*Asks:* 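Here it is: the structure, laid out below.
Worth saying up front: this structure is predicted, and the values here are computed from it rather than measured.
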Number of protein chains: 2
Amino acid sequence: MTRQDTSGRRTTIYDLARLVDASPSAVSAVLNGTWEKRRISRKLADRVLEAADTQGYARNIQASLLRRETSHIVGMIIPKYDNRYFGAIAEQFEARARERGLFPVITCTQRDPDLELAAARELIAYRADCLVSTGATNPDRVTELCAAAGIRTVNLDLPGSDAPSVISDNEAAARDLTNLILDRGRDELGWNGPLLFVGGRASDHNTGARLRGFLEAHHARGLAVPDENVVTCGYAAAKAEQALGNLASLTSPAIFVNSTITLEGVVRWLDKQDKQYRFGCFDWDPFAALLKENVGMVQQDVDAMLDETFEVIESDDRGASVKRIACRLNVLNAGISD
Amino acid sequence: MTRQDTSGRRTTIYDLARLVDASPSAVSAVLNGTWEKRRISRKLADRVLEAADTQGYARNIQASLLRRETSHIVGMIIPKYDNRYFGAIAEQFEARARERGLFPVITCTQRDPDLELAAARELIAYRADCLVSTGATNPDRVTELCAAAGIRTVNLDLPGSDAPSVISDNEAAARDLTNLILDRGRDELGWNGPLLFVGGRASDHNTGARLRGFLEAHHARGLAVPDENVVTCGYAAAKAEQALGNLASLTSPAIFVNSTITLEGVVRWLDKQDKQYRFGCFDWDPFAALLKENVGMVQQDVDAMLDETFEVIESDDRGASVKRIACRLNVLNAGISD
DNA sequence: ACAACTTGCTTCATCGGTTGTGCAATCGTG
DNA sequence: CACGATTGCACAACCGATGAAGCAAGTTGT
């Protein structure tokens, strides 16, 4: 590979055309694979390809996309990369996009509604073919922006009302997790009372669905859940630690934790108490799974969610359908007691 | 916001020009902020801006970039998103790029050398202004590709020999961590012997540097480290679990673990043994920090690394300089004994 | 009243590919 | 050998935004 001679300027199809003594359009056809259809001889094609190789030619996508109708760019906005769930979503999204010959662009919006819209606008400017908005605080606003630009959107993790959504079946999984914690609390601590629910915001769709599952499981056992047992103090670890500190006493030694972020604060606080406890968590983390007091973690099925997401993208579904994906409940530390 | 009427086609400056009865270049000047310099009246500017707003105009970046010299795109290739370290790097990179008005594009390459090169080629095609290659298996090959296209590169986390690199001071941090584990092993287990080193590949630059620090700390205490105490079995958790299983016996109850991924396997294996043990880990994870046997974790200074990275990008440094960033050693569970 | 500026625009070429259309040369057929 | 068909390519019009150059109308100075 020799560096190009015309220093500064990058090699273009016009340079290659001059080199192999052909027209730019022939070069273009060879380089984008349409040369057989356009009846370019194999001889010329070979010459072009060799010249492109030795010159280190790289197609100017800007120019290419400007002329073509579709960009093959698929955008994703995602709140954070800092936990396994969103990390896995980002990775799987990329892998699936690449498999399909698409160019994935992922933007992390820090749970900031303004950043979400700015990111969406930017992806529109890049003429993305579609946009997946993951855990967006205001998915409908994003959909509105995109619709105006003719870009289809899919809501992932958090549903919207103007575009198809793919979400976990939070309610069912929360019901199962609640039952597991109740059973293990009874068997391992002799505690039959209602659980404590910690983390999330009550206004948040997913927290709402999980809370419903949590309450259903209690009702099915004839257990009432007092209001003070539901501590929706936000997701942040510090908030949870503080909120627990504000409780007069630990009303329940068995706890339903709404996310791994929250769990960090919960465990820090519990460790300072001098009581036995058990918890389960709605989210998966391999190290959290190693904690002895952890009876189970809900693992959302990221593979299935992204398969479904791309299926929706490739379908004509433009309505506000909601696909609910079942979660996996990992039962932990069974048969261990202290 | 009314959806555009000319269904299908997106609004262009030509549409706006017709609407406000002006020329496309005037509209362009208004929309890219150069209108005062180009002596467009405020009256016309306001009319253009209003039309752009009601039409939901979004500039076609492809066309814009094609004409301009610089893309303001900064690329990053990164191996994985699935641990806190790389997750934090991706987030911080995005935040800093945005602060500077740049457009970050991050690509996850799954530690696959071919994918790395493909991703670099793609970013070259998008005319990125620069490329940060993080933890690349072959950073010099990426640099070579980029250099041919006139794109500058910076190596992050893993150094290369053809472009500036920003890396952690692995050797010093490994020395400190080794000393901590040796001290705590002595105090808490009464073990004075050499530690076990688990994880990583010996050919890997960072593992090499950490191994050096590990050995220096031992030498300083007059301790010899037998070859079988160094288990560089790769990073994967399953590999580590298997490699430990192959040891005739646990030669040392105090262990230096080379990464959190490896640690998952190590802890799974140790839990099945019926022995007391202690470990320290070169990497940070909040839940791993809660494990009682963990005496300390090295936390790489992602903030400082990315500050330095952008400083290098903005400087004229094109040589193969290497900036080493000090790590933080988090001492854990001190004063607890079982 | 006329030259010299200033103001506020418009015109047009350009960035690098893509693609419909056209045309000369070669081939096949009766 | 004449005629249509096929092969192999070149031409030129785009895609949408940008900015240098230019130009008409209004303003200022003498």
*Asks:* Can you see whether A:Asp157 engages A:Tyr85 through a side-chain donor-acceptor pair at a distance of less than 3.5 angstrom?
*Replies:*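 Distance-only check passes for A:Asp157 and A:Tyr85.
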*Asks:* Within this structure, what is the CD1-to-C1' distance between A:Ile40 and C:dT18, rounded to whole angstrom?
*Replies:*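 In whole Å, C:dT18 C1' and A:Ile40 CD1 are 13 Å from each other.
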*Asks:* For B:Phe86 and A:Tyr81, I'd like to know if the aromatic rings sit close, meaning centre-to-centre distance below 6.0 Å.
*Replies:*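 No - the distance between ring centres of B:Phe86 and A:Tyr81 does not fall below the 6.0 Å cut-off.
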*Asks:* Using 0.5 Å steps for rounding, measure from the OG atom of B:Ser165 to the CD atom of B:Glu308.
*Replies:*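 CD of B:Glu308 is found 11.5 Å from OG of B:Ser165.
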*Asks:* Under the 6.0 Å and 45° cation-pi test, does B:Arg201 pair with B:Tyr235?
*Replies:*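 No cation-pi geometry.
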*Asks:* Calculate the interatomic distance between B:Trp35 atom CH2 and C:dT7 atom P; express it in whole Å.
*Replies:*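 Value for this atom pair: 14 Å.
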*Asks:* Taking protein heavy atoms under 4.0 Å as touching, what does nucleotides 14-20 of chain D look like 5' to 3' if B marks base contact, S marks sugar-phosphate-only contact and - marks none?
*Replies:* BBBBBBB
*Asks:* Quick one, which residues of residues 43-52 of chain A touch DNA chain C with a heavy atom under 4.0 Å?
*Replies:*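 Output list: empty, so none.
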*Asks:* Just checking B:Ser23: base, sugar-phosphate only, or nothing, at a heavy-atom cut-off of under 4.0 Å?
*Replies:*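 Base contact.
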*Asks:* By the definition side-chain contact (heavy atoms from CB on, under 4.5 Å), identify the one residue from B:Arg96, B:Arg100, B:Glu94 that meets it with B:Arg98.
*Replies:*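 Going through B:Arg96, B:Arg100, B:Glu94 one by one, the side-chain contact (heavy atoms from CB on, under 4.5 Å) with B:Arg98 is satisfied by B:Glu94 alone.
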*Asks:* Is B:Glu144 salt-bridged to B:Arg141, cutoff N-O under 4.0 Å?
*Replies:*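 Salt bridge present between B:Glu144 and B:Arg141.
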*Asks:* Please report, rounded to the nearest Å, how far the P atom of C:dT10 is from the CG atom of B:Leu16.
*Replies:*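 So the CG-P distance, B:Leu16 to C:dT10, works out to 14 Å.
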*Asks:* Taking A:Arg152 for its side chain and A:Ile313 for its backbone only, find out whether a donor-acceptor pair lies under 3.5 Å.
*Replies:*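 Yes; at least one donor-acceptor contact below 3.5 Å.
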*Asks:* Rounded to the nearest 0.5 Å, what separates atom OG in A:Ser133 from atom CG in A:Asn155?
*Replies:*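 A:Ser133 OG to A:Asn155 CG: 4.0 Å, rounded to 0.5 Å.
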*Asks:* In whole angstroms, how far is the P atom of D:dA24 from the CZ atom of B:Arg39?
*Replies:*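 Going from B:Arg39 (CZ) to D:dA24 (P), I get 15 Å.
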*Asks:* Would you mind reading off the distance between B:Lys37 atom NZ and C:dG8 atom P, rounded to a whole angstrom?
*Replies:*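 Answer to the nearest Å: 17 Å.
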*Asks:* Quick one: A:Glu36 CD to D:dT7 P, roughly how many Å, whole number?
*Replies:*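 So the CD-P distance, A:Glu36 to D:dT7, works out to 12 Å.
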